[in-house]
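This one's a predicted model, so the numbers in the text were calculated from it and none came from an experiment.
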Protein chains: 2
Amino acid sequence: MTHMYERDLPQNAANHAPLSPLSFLQRSAEVHPNRLAIVHGALRQTWGDTYRRCRQLASALQRHGIGKNDTVAVMLPNTPPMVEAHFGVPMAGAVLNAINTRLDPETVAFMLDHGEAKAVIVDVEFMPVMKKALALRKATTPLLVIDAEDAVHGPGDALGNQSYEAFLAQGDAAFEWALPGDEWDAIALNYTSGTTGNPKGVVYSHRGATLNALSNVMEWDMPKHAVYLWTLPMFHCNGWCFPWTLAARAGVNVCLRRVEAKAIFDAMRDHGVTHYCGAPIVHGLLVNAPTDLKAGVPAGIKAMVAGAAPPASMIEGMEHLGFDLTHVYGLTEVYGPATVCVKHPEWDTLDVGERARLNARQGVRYHLERDVQVLDPETLAPVPWDGETMGEIMFRGNIAMKGYLKNPEATQAAFKGGWFHSGDLAVQYPDGYIKIKDRSKDIIISGGENISSIEVEDVLYRHPDVLAAAVVAKPDARWGETPCAFIELKANATATAEDIVAHCKKHLAGFKVPRAVVFGELPKTSTGKIQKFELRKAAGSAAAIDV
Amino acid sequence: MTHMYERDLPQNAANHAPLSPLSFLQRSAEVHPNRLAIVHGALRQTWGDTYRRCRQLASALQRHGIGKNDTVAVMLPNTPPMVEAHFGVPMAGAVLNAINTRLDPETVAFMLDHGEAKAVIVDVEFMPVMKKALALRKATTPLLVIDAEDAVHGPGDALGNQSYEAFLAQGDAAFEWALPGDEWDAIALNYTSGTTGNPKGVVYSHRGATLNALSNVMEWDMPKHAVYLWTLPMFHCNGWCFPWTLAARAGVNVCLRRVEAKAIFDAMRDHGVTHYCGAPIVHGLLVNAPTDLKAGVPAGIKAMVAGAAPPASMIEGMEHLGFDLTHVYGLTEVYGPATVCVKHPEWDTLDVGERARLNARQGVRYHLERDVQVLDPETLAPVPWDGETMGEIMFRGNIAMKGYLKNPEATQAAFKGGWFHSGDLAVQYPDGYIKIKDRSKDIIISGGENISSIEVEDVLYRHPDVLAAAVVAKPDARWGETPCAFIELKANATATAEDIVAHCKKHLAGFKVPRAVVFGELPKTSTGKIQKFELRKAAGSAAAIDV
């Protein structure tokens with residue numbers, strides 16, 4: 001006989017429901033129908049209207065034969081249709097594939113083919129790229145193309161079968177959508193930016209999306225009706241799940257087509273922005289903006305930074321702006337951020353340099369993630385928490401992808417031993433905080449010594465003339481590899497290669513000092529990450545300096 | 001062939017973990033080890049220490065042979081061992097049965113037998129009752145009895161095998177506890193106070209406890225490190241899941257053995273309390289306390305009220321105190337609160353009476369509950385949202401019990417048709433807000449007309465001399481039943497039965513005016529609910545008034 005606690009106490013429709021962020025939208029529409037949900041140009045859209053429009057989108061998709069487990073791709077900037085797609089697509093049972101808007105037609109075509117998209121919604125700005133991608137697409141199955149117009153951008157040529165608004169008009173605003181049959185069902189497909197080979201398709205579940213959306217609330221103490229500025233692209237890890245977080249908070253999505261300092265500061269003032277996220281490059285843009293742009297910006301705006309360890313100089317700059325910066329770290333495979341550098345009050349008494357060093361760490365597991373540890377990649381044994389022994393950052397728990405679409409080998413490799421292997425090398429400090437030392441492939445091995453490119457970059461960022469910096473390996477006949485620095489200087493800065501090297505010698509062991517310094521604009525991905533693979537190509541021909 | 005989104009993307013140890021509030025404790029201990037977790041008398045205990053002690057408790061339980069699905073009963077006031085039991089017991093795999101400390105020995109013995117308790121932890125204050133209960137217990141299986149001493153209470157006679165501290169000392173502070181094998185596993189057993197027949201054992205799951213604990217955060221915008229005063233008994237729906245909520249927030253549990261106005265106001269001042277919960281009687285105690293006790297109490301304390309619809313007069317009184325009152329509603333079967341009367345800014349411009357009327361409604365579903373509706377109990381069809389048509393409040397989603405222990409008939413009846421049937425009769429307003437009209441059994445049927453006892457009580461509470469009021473049916477030869485009012489007057493109040501009746505006539509239809517008025521202290525349950533079944537007995541002999 002089964003135990004009394006396992007007898008006659010099954011799950012049923014009354015006591016169990018699949019976790020899904022779609023419930024967040026429904027509740028906000030029910031409880032706060034007249035609250036503002038979306039601001040975009042002259043548009044002001046409530047949660048009640050947003051829910052109706054999402055139901056129309058779901059209904060129209062189903063009327064076009066799109067349903068359970070069908071992929072709906074979108075190529076949209078941070079506009080209202082992008083917010084709506086995060087709900088309308090899964091309300092039809094379908095899976096949202098938000099495509100990076102800065103990709104080339106070949107890669108877009110690969111994603112449409114690999115994800116087996118049945119429909120695609122395209123913003124007017126990206127129709128030329130999408131037109132080429134559609135021509136390159138190998139699949140011969142029908143693809144429903146929906147044109148998303150945008151008054152803020154202005155008119156463009158039609159590409160698809162119909163406009164987004166015309167498509168919505170075919171849907172029923174009272175559509176009886178259903179929660180997923182299982183919370184493990186897919187809600188989104190996000191391709192990694194993979195610097196080599198084809199991108200991998202990371203599949204998110206309704207459960208994971210729900211729990212990461214709630215983790216965002218927990219980490220930020222994000223109150224109801226927060227006003228969130230969309231500086232982070234929603235195609236990047238579904239805007240780290242914040243479209244769903246905002247629905248859970250009945251907050252305001254302040255849309256933004258383009259990341260520009262003036263537009264950002266204007267939006268912060270005009271709409272009373274309380275929160276925003278971005279790669280370091282976004283925050284750097286604000287820190288280094290002309291003083292007059294910054295006047296009158298609300299104090300205490302909360303910012304999250306991820307995508308690379310923020311240099312100390314930026315953390316200081318953000319403090320001067322009056323922004324409260326939280327440093328998070330993650331990857332597409334863990335729904336965006338899955339660690340956070342939780343700040344402690346005792347840090348406030350430290351000098352700004354030490355505070356910045358503590359804040360620059362990747363920190364501890366995100367609220368509803370089960371575990372994150374630095375482990376030996378071979379044995380999976382934890383490294384000692386000495387701030388020195390390197391291992392690989394590994395995650396486990398609900399904030400990790402279902403796996404890679406149609407790629408069981410890569411999925412199994414990523415989850416080997418019951419941990420998600422991040423590929424990032426790090427140490428763990430005595431307080432349990434993790435600090436990235438490098439990507440496995442970004443380590444520079446010089447004369448048998450490991451050089452962390454991040455350590456060298458941190459020093460470069462401390463030079464007052466440096467706006468952005470990246471360090472990669474340069475092949476070297478004698479040492480195997482040596483560090484090569486690529487530097488973007490601030491406007492009117494005058495530092496020379498010799499100045500940079502002299503600065504590095506003050507702060508670094510000799511073998512870590514760059515043997516070559518190249519000035520110019522750094523190549524960046526759409527999310528502001530510096531494209532090191534481009535720099536590695538360039539490093540070979542960089543002129544060496546006599547250090 | 002299965003669909004691509006359902007192929008090779010299974011749950012595994014890296015991407016799935018059971019939801020459990022035990023994870024909250026672990027994270028707070030890891031990230032905030034030196035933060036204050038528990039205040040009690042002179043005791044100041046951190047989250048690091050609390051985690052170590054909970055691991056010791058779990059370890060000691062296992063060393064005594066107590067593990068998966070074993071029941072551990074506790075009879076404790078709101079003291080540190082009660083907080084620790086909410087973690088240490090399930091960390092051993094066991095199920096926590098927190099017994100109402102005001103029960104009689106017979107009922108306690110019934111619970112020990114029915115729940116098949118393997119161990120019981122008893123506070124020094126309740127040893128006399130427990131001693132009798134142990135003697136009345138029918139089971140002959142061994143029962144480990146642990147005495148919880150408390151310096152705040154002072155010494156008492158030993159009852160059990162050992163003291164709580166001696167027991168903990170046998171456990172390993174580094175005990176390798178495990179999450180439940182399944183998040184549906186039982187975490188707690190809570191007996192309903194059932195006014196007739198034997199109490200029913202409501203079983204909570206780790207999943208439900210986690211999601212309701214998070215819902216508490218969401219509803220209150222509860223920030224990290226909130227300071228929570230334990231005015232609500234933890235034996236009541238596990239303190240509505242707040243021990244787990246506090247762990248999720250790394251907050252402070254301010255313990256309190258007894259609900260007394262002076263102790264409460266002192267604690268609020270001394271510890272910077274930010275949040276507390278209670279039945280209306282608790283808030284009434286504060287509202288009606290002498291003015292000198294209230295001096296210097298922090299402004300903006302957030303309070304939750306549940307257990308009965310708060311009368312308008314109390315909502316006003318709380319506003320005058322500067323407290324921010326949130327009205328929630330629920331039952332043991334739905335983990336405590338599962339609806340909340342969400343306030344809207346547009347209500348602020350209404351007069352206080354209208355605002356109080358809106359706030360007195362039970363409101364809308366709790367954040368992570370799937371659905372709550374007023375349905376026809378026979379057909380399960382929703383009632384029209386007209387504020388008039390009565391139906392039964394029904395819940396569905398993750399914030400509902402697994403079922404009643406060893407009572408499949410009652411479980412099936414409670415979940416009939418895929419909804420949890422609350423037994424509360426209510427209407428739904430055009431804004432979707434629910435308002436309880438009565439318990440099924442509390443409706444008074446007079447001359448064929450239904451009279452809501454709550455409606456009459458609301459009017460009684462508006463009389464300035466009334467401290468507490470309850471209305472029940474009095475058998476009547478002519479009308480079948482008539483309303484009978486039981487009233488507890490404020491100190492020095494002088495209202496007569498005639499005054500009360502005259503007041504009612506001003507605000508109620510004639511047939512709803514009480515035909516009898518009885519003055520005196522009202523009988524209350526341990527959670528402050530007025531015991532109407534006692535009043536029903538008394539109503540029969542109450543003298544009728546010529547209305």
Side-chain angles (χ1 to χ4, degrees), chain A residues 3-17 19 23 27 30-32 68-69 95 116 179 184-186 203 207-208 211 214 217-218 221-224 248-249 342 344 364-365 367-368 370-371 394-398 400-403 405-408 411 414-415 418-420 432, chain B residues 3-17 19 23 27 30-32 68-69 95 116 179 184-186 203 207-208 211 214 217-218 221-224 248-249 342 344 364-365 367-368 370-371 394-398 400-403 405-408 411 414-415 418-420 432:
Chain A
H3 190 279
M4 64 175 180
Y5 282 116
E6 294 173 351
R7 203 167 65 225
D8 303 321
L9 299 168
Q11 295 178 356
N12 60 55
N15 68 14
H16 186 274
L19 292 175
S23 300
R27 186 179 187 278
E30 284 172 4
V31 180
H32 303 289
K68 167 96 175 173
N69 280 334
V95 179
E116 304 178 18
L179 284 176
W184 195 246
D185 285 356
V203 182
R207 176 183 171 97
L211 295 174
L214 292 175
V217 175
M218 299 288 283
D221 292 350
M222 197 178 195
K224 288 189 275 284
R249 299 279 63 192
V342 175
H344 294 283
V364 296
R365 66 180 159 114
H367 268 88
L368 301 178
R370 171 84 192 97
D371 211 352
M394 304 207 191
F395 297 89
R396 64 176 173 185
N398 296 303
M401 65 175 177
K402 295 182 64 166
L405 187 68
K406 301 194 286 191
N407 197 340
T411 300
F415 290 149
W419 291 86
F420 169 68
Chain B
H3 190 278
M4 65 175 180
Y5 282 116
E6 293 174 352
R7 203 167 65 227
D8 303 319
L9 299 168
Q11 295 178 357
N12 60 55
N15 67 14
H16 186 273
L19 292 175
S23 300
R27 186 178 188 277
E30 285 172 6
V31 180
H32 304 288
K68 167 97 176 172
N69 280 334
V95 179
E116 303 177 21
L179 285 176
W184 194 246
D185 285 357
V203 182
R207 176 182 171 99
L211 295 175
L214 292 175
V217 175
M218 298 289 283
D221 291 350
M222 198 178 193
K224 287 190 273 285
R249 300 280 60 192
V342 175
H344 294 283
V364 297
R365 65 182 160 113
H367 269 86
L368 301 178
R370 171 84 192 96
D371 210 353
M394 303 208 193
F395 297 88
R396 62 176 176 185
N398 296 302
M401 64 175 177
K402 294 182 67 166
L405 187 68
K406 301 194 287 193
N407 198 341
T411 301
F415 290 149
W419 291 87
F420 170 67

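Under the side chain to side chain contact (heavy atoms under 4.5 Å, CB included) criterion, A:K406 pairs with A:H114, A:E116, B:M4, B:R7, not counting sequence neighbours.
Annotation: side chain of A:F420 is in contact with side chain of A:F415 (closest heavy-atom distance under 4.5 Å). By the 4.5 Å heavy-atom criterion applied to side chains, B:R370 and B:N398 are not counted as neighbours. Annotation: side chain of B:K402 is not in contact with side chain of A:Q11 (no heavy-atom distance under 4.5 Å).
Contact annotation for A:F395: only backbone heavy atoms (N, CA, C, O) come within less than 4.5 Å of a heavy atom of chain B. With a threshold of 4.5 angstrom between heavy atoms, A:L368 approaches chain B through side-chain atoms but not through N, CA, C or O. At a 4.5 Å heavy-atom cutoff, the contact between A:N69 and chain B is made by backbone and side-chain atoms alike. Heavy atoms closer than 4.5 Å to chain B are found in both the backbone and the side chain of A:V31.
Note that NZ of B:K224 is 5.5 Å distant from CZ of B:R249, once rounded to the nearest 0.5 Å. Taking OG of B:S23 as the start and NE2 of A:H367 as the end, the distance is 12.0 Å to the nearest 0.5 Å. The distance from atom CG of B:L179 to atom CG of B:L19, rounded to the nearest 0.5 Å, is 9.5 Å.
Chain A forms more heavy-atom pairs under 4.5 Å with one residue of B:T411, B:V203, B:D185 than with any other, namely B:V203. Of the listed residues (B:A400, B:A13, B:A17), the greatest number of heavy-atom pairs within a distance under 4.5 Å of chain A belongs to B:A17. For the set B:M401, B:H16, B:R396, the count of heavy-atom pairs under 4.5 angstrom toward chain A peaks at B:H16. Note: B:M218 leads B:E6, B:M394, B:M218 in heavy-atom pairs under 4.5 Å with chain A. Taking chain A as the reference chain and counting heavy-atom pairs below 4.5 Å, the highest number among B:L211, B:N407, B:D371, B:L214 is found for B:L214. Chain A forms more heavy-atom pairs under 4.5 Å with one residue of B:A414, B:P223, B:G403 than with any other, namely B:P223. Note: A:R207 leads A:R207, A:H344, A:M222 in heavy-atom pairs under 4.5 Å with chain B.
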How far apart are the C-alpha atoms of B:R27 and A:V342, what are their side-chain angles, what is the distance that settles it, and do they pass the side chain to side chain contact (heavy atoms under 4.5 Å, CB included) test? CA-CA 12 Å; B:R27 186 178 188 277; A:V342 175; 4.0 Å; yes
